[in-house]
Amino acid sequence: MDGSTLVTILVILAVATVLALVRTRRRDRCLKSFDGFPITLVTQANEATWGTADIRSTGLELTYPEPVVAREGHLERSTILYKEQYASVHALYRCPEGLTEKNRERREMLIEQTRNPGLFRRLGRWVRNWMGMVRDALLQSIGMIIGVAKAKAPAGGLIGRHDAQVQSISTEVVQHTGNAFDPLLERHLFSQVVVEVTVADGAVRSYCGWLKDYTSDFIEILDAYANTSRAEPLDLEAYHVGDERLPQQQIALTDGRAQVANNGTRMFYIDRLEQRDWRHPVDVVLPPGASITLALPPAVHARARRAGKALKVWMGTVDRVDMLLPRQRAQVRHAAGGSDASYEAHREQLEAIDPGSEPAATAGEPVTHPAENP
């Protein structure tokens with residue numbers, strides 16, 4: 001074995017080792033900011049799952065506040081979603097309701113950093129973007145280097161036989177610096193924007209919030225208005241099966257399970273389900289069209305069937321919400337007012353308008369035009 005072959009082997013070994021370390025630590029930046037928070041994951045099938053997020057390089061895990069009973073009877077303590085399944089995600093939500101004091105402070109710090117980014121934050125963003133822009137040049141350079149090495153290597157040498165594997169390893173190492181740079185989104189980073197989300201039936205909903213970050217997979221919006229100024233806010237209160245106070249929100253019992261479905265246009269937060277001495281914390285955001293299903297202990301279900309009011313679902317509307325939205329179904333459509341003060345003034349003006357007029361759809365109200373392709 002000549003010296004050049006030995007050096008090639010050592011280089012490939014070193015690169016593969018670095019790549020293995022990078023793979024174990026590389027996480028989506030938008031997802032990473034939700035790590036450790038109680039969040040709600042809503043799928044394209046409008047099914048909501050909730051729990052404390054643990055973000056890993058290969059996917060995410062949501063740990064339930066309390067174990068839930070599966071249809072088969074076993075207990076489940078968490079749900080796991082792999083990176084390859086992110087295409088099934090409609091959105092991830094986080095709201096201040098239900099957060100511990102520590103998590104509230106963490107969330108407020110993230111919002112403050114987004115509203116008032118410092119010099120080092122902007123500098124770090126510039127460096128990351130620069131690294132992303134030179135990625136393609138580096139990849140082309142790697143291809144040229146391999147070509148030169150092949151030309152100088154003896155026929156049938158190591159590089160000639162494995163150039164595809166060498167280039168693949170080099171590509172993966174360089175790609176971890178990329179961030180799908182978008183000059184339009186960069187202009188509106190750290191400011192209020194209106195994002196449009198295409199839901200399962202093809203309708204489009206709009207939300208106004210602060211654009212914190214974006215990656216090739218997700219857009220991160222903080223402190224968005226969850227409901228329009230016309231939506232009547234509801235404090236956290238106990239509701240029961242068939243409750244007429246919420247005609248567009250259905251609470252039902254089926255096959256030993258409680259189901260809460262949001263068929264209206266307002267976004268809700270469900271804190272817990274309880275009955276006498278039984279209490280099950282939930283901490284879930286329920287956007288329009290979504291539903292949750294929870295298995296009940298036999299005694300709780302039996303009492304609820306005898307008297308629907310026995311089972312209480314504590315829920316209320318959400319004021320502000322943080323969202324992670326897949327880019328294939330969401331896009332930033334408008335620059336917004338630029339501050340909470342201007343947006344609140346606009347909402348106050350809308351409230352003074354005659355009730356018969358139609359306000360602009362800027363905070364969770366469905367818009368009438370058809371969905372547009374990103």
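Numbers here are sequence positions counted from 1.
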Exercise. Of D217, V89, V197, which is the lone residue that meets side chain to side chain contact (heavy atoms under 4.5 Å, CB included) with L325?
Worked result: V197
For this session: Kindly indicate whether the side chain of D322, heavy atoms from C-beta on, has any atom under 4.5 Å from the side chain of I221.
Result: no
For this session: Could you tell me whether the side chains of Q248 and N263 share a donor-acceptor contact shorter than 3.5 Å?
Result: no
For this session: Under the ring pair (Phe, Tyr, Trp, His ring centres under 6.0 Å) rule, collect the residues that match up with F218, sequence neighbours excluded.
Result: Y86
For this session: For residues K212 and S33, determine if any side-chain heavy atom of one lies less than 4.5 Å from a side-chain heavy atom of the other.
Result: yes
Problem set entry | Flag, side chain of R329 to backbone of A87, donor-acceptor distance under 3.5 Å | yes
Problem set entry | Within 6.0 angstrom of R121 CZ, more than 12 heavy atoms from elsewhere | yes
Problem set entry | R245 CZ: over 12 foreign heavy atoms closer than 6.0 Å | yes
Problem set entry | Electrostatic pair D223:R115 at N-O distance under 4.0 angstrom | yes
Problem set entry | Between Y214 and E186, a side-chain donor and acceptor under 3.5 Å | yes
Exercise. Would you say the side-chain atoms of T317 pair up with the backbone N or O of L234, donor to acceptor, closer than 3.5 Å?
Worked result: yes
Exercise. Are Y225 and D319 linked by a side-chain donor-acceptor pair shorter than 3.5 Å?
Worked result: no
Exercise. Counting only heavy atoms not in R77, do more than 12 fall under 6.0 Å of its CZ?
Worked result: no
Problem set entry | Residues which pass salt bridge (charged side-chain N to carboxylate O under 4.0 Å, His left out) with E274, listed by chain and number, not counting sequence neighbours | R272
Exercise. Should the heavy atoms of other residues, nucleotides or ligands under 6.0 Å from CZ of R305 be counted, would the total exceed 12?
Worked result: no
Problem set entry | Residues S88 and Q44: side-chain donor-acceptor under 3.5 angstrom | no
Exercise. Checking R107 against F37: charged group under 6.0 Å from the ring centre and within 45 degrees of the axis?
Worked result: no
Exercise. What pairs with D213 under salt bridge (charged side-chain N to carboxylate O under 4.0 Å, His left out), at least two apart in sequence or on another chain?
Worked result: R29, R125
Exercise. So, R327 side chain and T215 main chain: donor-acceptor pair closer than 3.5 Å or not?
Worked result: yes
Problem set entry | Trace of the salt bridge (charged side-chain N to carboxylate O under 4.0 Å, His left out) decision for K309 with D243 | CA-CA 8 Å; K309 293 184 178 181; D243 202 314; over 6 Å; no
For this session: Keeping the roles fixed (side chain from R266, backbone from E232), state whether a donor-acceptor pair exists under 3.5 Å.
Result: yes
Exercise. Would you say D255 has more than 12 foreign heavy atoms packed within less than 6.0 Å of its CG?
Worked result: no
